[in-house]
Amino acid sequence: MTVQETQITREHVIDFVYDEARMLDEGRYDEWLALWLPEGHYWMPLDYRQTDPVHATSLLYEDNFMLRLRVERLNGQRTFSQKPKSRCHHVLQRPFIDVFEPGEGRFVTNTNMHYVETRLDDQILLALTATHDLRAVDGALRIAGKKVELLNCDAAFGNIQLLP
Amino acid sequence: MNASDIRALFRGAEVHRDVYTSPDIYRLEMRHLFTNTWVFVGHDSQTPKPGDYFTTRIGDQPVIQVRHSDGSIHVLYNRCPHKGTKIAIDREGNTGKFFRCPYHAWSFKTDGCLLAIPLKKGYEDTGFEKTEAARGLKPVGAVHVYRGFVFARLAETGIGFEEFFGDSLSSIDNMVDRAPEGRLEISGPPLRYMHRCNWKMLVENQTDTCHPMVAHESSAGTAVRIFKEMGEPQPRPPAMQIIAPFMSPYEFFEKMGIRTWPNGHGHTGVTMSIHSAYDAIPGYFEALCEAHGEEKARAVMDENRHNTVYFPNIMVKAPLQQLRNFIPLGPDRTLVESYVYRLVGAPDELVALSAMYNRMINAPTSIVGHDDLEMYERAQEGLMSNGLEWVNVQRLWHEDEDYTQEAVENGTTERQMRNQFDAWVKFMTMSMEGAQTRVAAQ
């Protein structure tokens with residue numbers, strides 16, 4: 001999407017959230033990494049309503065380097081936990097747009113999702129709320145931050161290998 | 001199964017696969033091993049005020065750690081003496097001056113003593129006062145709080161705390177001495193990671209120095225490659241500090257050294273470790289010098305032990321204030337809880353580093369965790385093979401190894417795994433029929 005910043009509409013913002021989930025489901029990670037601003041972090045809190053990602057343990061709090069490492073690792077010759085590979089699937093409720101400031105180029109969405117991840121005979125279902133903090137840069141929407149709050153963040157999990 | 005059957009499962013440099021797969025052995029571990037040893041319960045900062053409690057398990061036994069009105073910490077079986085209902089249902093909370101059973105309102109002081117029963121007249125002249133139920137919530141056999149860490153022995157009598165842990169307590173000392181105020185505080189809830197494998201595989205992996213560069217090549221090796229492709233930017237990304245050292249060559253791990261102590265305890269990283277090259281945090285060393293004096297502060301910081309195994313089922317990582325609790329849930333099921341602690345009086349960057357390590361290495365979402373769990377689960381499945389019945393723990397073994405003596409060896413030895421099995425046999429059999437036969441024979 002390349003439009004004038006002031007031309008970004010509510011529909012553009014909502015489409016962006018759907019497109020991002022589709023990239024993850026289809027494993028289009030190069031395109032997905034390109035959505036991120038350099039200082040962006042992907043945060044998945046460990047504690048329900050956790051406010052501090054840094055001084056308490058989170059499930060994920062990943063910078064660009066970690067995200068690149070995570071997705072490049074998936075295709076490694078010696079990535080044994082991905083032999084065979086996992087697959088994932090997001091089902092989205094229509095995003096709420098909580099902040100819509102085209103003049104500032106800033107948009108925040110809140111989206112409820114069901115996330116399914118499968119490998120071999122295992123399949124897990126996670127219910128989550130994703131908050132996307134988006135910016136318009138050179139007419140395109142980019143991710144400044146994404147927070148994924150799992151409904152059952154305090155449960156014990158086996159491997160979650162892809163990105164909810 | 002008697003003591004000689006148990007002893008036959010460990011023959012020096014090999015261990016029988018039944019110790020990982022057999023439901024019968026698992027039940028015996030719960031009844032004997034986790035009863036006779038000192039097992040980690042929690043940290044005292046999880047229950048700072050009177051009435052504060054925290055629920056967990058010792059082996060398969062549900063217990064409550066609670067702060068009594070006099071400030072002491074008690075560990076009680078989480079079971080109403082009346083009908084068996086768990087008294088504390090949630091993971092933590094404050095119960096005030098007493099526990100009250102949600103089923104029939106029997107109530108108990110926070111040291112477990114029976115406080116009141118509704119319609120108590122109904123028990124008059126029944127001999128009730130002579131029953132176990134009249135004594136209230138049953139305490140475990142013994143409790144010891146060491147520098148904030150709460151351990152319990154389920155058995156009423158047995159080995160003492162100091163004798164059981166001996167000099168291995170130096171790793172906990174080093175972790176606590178790293179706090180300018182000399183104490184730790186829990187920082188948030190633990191990561192909870194479910195493993196479909198036997199709990200001992202996880203404990204053995206803590207001192208397995210021949211796996212990181214192999215099993216973690218996918219994560220650490222990829223990190224190193226990406227960093228090079230980026231032209232090695234400075235300051236290096238945090239992942240390079242935390243994950244990349246896993247790719248250190250065999251020689252590095254050989255030099256790191258392994259120390260073993262009697263009763264199954266031991267640690268990697270005698271001379272240095274993968275935790276030795278972290279960036280210094282401004283203001284921290286100064287605060288430590290102020291607390292300890294420069295000489296002791298330097299000695300505390302120069303000790304960079306990697307993983308210390310406290311037999312049977314925890315690991316402490318002193319330089320990062322971490323504790324991992326490998327809680328057995330079945331022969332092929334283990335819950336791993338990974339805690340981080342804040343060094344009281346130290347800059348916040350320290351606990352940020354601990355939390356970063358925890359999420360990068362120990363989380364169910366961690367790529368390093370994925371590498372390891374894949375190996376454990378493959379081993380758990382592979383061990384069902386009847387083609388071979390023994391697991392090999394022979395690296396750098398010599399026949400006259402004496403696990404009653406502290407030893408320091410090449411960092412790639414599997415001596416610590418053998419040391420754990422020696423202790424495993426000892427504490428499995430000490431309360432079994434036939435346990436005296438070997439002693440008598442000697």
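Chain letters run A, B, ... following the sequence lines, proteins first, then strands; residues in each count from 1. Computed from a prediction, not measured in an experiment: that's the story for all the values here.
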For A:N159, which atoms come within 4.5 Å of any heavy atom of chain B: side chain, backbone, both, or neither?
both
Is there side-chain contact between A:M66 and B:M360, with heavy atoms separated by less than 4.5 Å?
yes
Does CZ in B:R225 sit with more than 12 non-hydrogen atoms of other residues, nucleotides or ligands closer than 6.0 Å?
yes
Within 6.0 angstrom of A:F96 CZ, more than 12 heavy atoms from elsewhere:
no
Below 4.5 Å, heavy atoms only, C-beta onward: do A:D154 and B:P189 meet side chain to side chain?
no
Looking at A:E72 and B:T222, what are the two nearest heavy atoms and their distance?
CB-CG2, 4.1 Å
Heavy-atom nearest pair, A:A56 first then B:S187, reads CA-OG, 4.1 Å
Above 12 or not: heavy atoms from other molecules or residues under 6.0 Å from CD of A:E39?
no
Turns out that what part of B:H370 lies under 4.5 Å from chain A's heavy atoms comes down to both
B:L373 side chain near A:Q161 side chain, heavy-atom distance below 4.5 Å
no
Honestly, the part of B:R91 sitting under 4.5 Å from a heavy atom of chain A is side chain
Does any backbone or side-chain atom of A:P164 lie under 4.5 Å from a heavy atom of chain B? Answer side chain, backbone, both or neither.
neither
Does any backbone or side-chain atom of B:I243 lie under 4.5 Å from a heavy atom of chain A? Answer side chain, backbone, both or neither.
side chain
Within a 6.0 Å radius of atom CZ on B:R378, are there more than 12 heavy atoms belonging to other residues, nucleotides or ligands?
yes
Taking side chain as everything from C-beta outward and backbone as N, CA, C, O, which of these in B:I367 sits under 4.5 Å from a heavy atom of chain A? Side chain, backbone, both or neither.
both
Rounded at 0.5 Å granularity, tell me how far CZ in A:F65 sits from CZ in B:R236.
11.0 Å
Heavy-atom cut-off 4.5 Å, strictly under: side chain, backbone, both or neither for B:E229 against chain A?
side chain
Is it the case that more than 12 heavy atoms not belonging to A:F100 sit under 6.0 Å from its CZ atom?
yes
Note, A:L163 side chain near B:T365 side chain (heavy atom, < 4.5 Å):
no
A:R73 and B:S218: side chain to side chain donor-acceptor pair (under 3.5 Å), yes or no, with the steps?
CA-CA 6 Å; A:R73 172 186 170 277; B:S218 86; 3.0 Å; yes
Pick one of side chain, backbone, both or neither for B:A352, based on which atoms fall under 4.5 Å of a heavy atom in chain A.
both
Rounded to the nearest 0.5 Å, the CD atom of B:E374 sits from the CD atom of A:Q82 at a distance of 8.5 Å
For A:L46, is it the side chain, the backbone, both or neither that has a heavy atom under 4.5 Å from a heavy atom of chain B?
side chain
Between A:D47, A:D63, A:L162, A:D52, which residue shows the highest count of heavy-atom pairs closer than 4.5 Å to chain B?
A:D47
Under 4.5 Å from a heavy atom of chain B, the part of A:F80 involved
both
So does A:N75 have more than 12 non-hydrogen atoms from other groups sitting under 6.0 Å from CG?
yes
Check: B:P364 and A:L59 side chains under 4.5 Å, non-hydrogen atoms
yes
So which of B:D372, B:V340, B:D371 has the largest heavy-atom pair count under 4.5 angstrom toward chain A?
B:D371
Is chain B contacted by the side chain of A:D122, its backbone, both, or neither, given a heavy-atom distance below 4.5 Å?
side chain
More than 12 heavy atoms from other groups under 6.0 Å of CZ on B:R57:
yes
Any idea which heavy atoms bring A:A156 and B:M194 closest together, and the distance?
CB-CE, 3.8 Å
So CG of A:N64 and CD1 of B:I226: to nearest 0.5 Å the spacing works out to 11.5 Å
Are more than 12 heavy atoms from other residues, nucleotides or ligands located less than 6.0 Å from atom CZ of B:R333?
no
Against chain B, work out which of A:V54, A:T79, A:L69, A:L74 has the most heavy-atom pairs shorter than 4.5 Å and name it.
A:L69
Straight-line distance of B:S219 OG to A:R78 CZ, nearest 0.5 Å:
13.5 Å
From A:T57 OG1 over to B:M356 CE, what is the distance, rounded to the nearest 0.5 angstrom?
11.5 Å
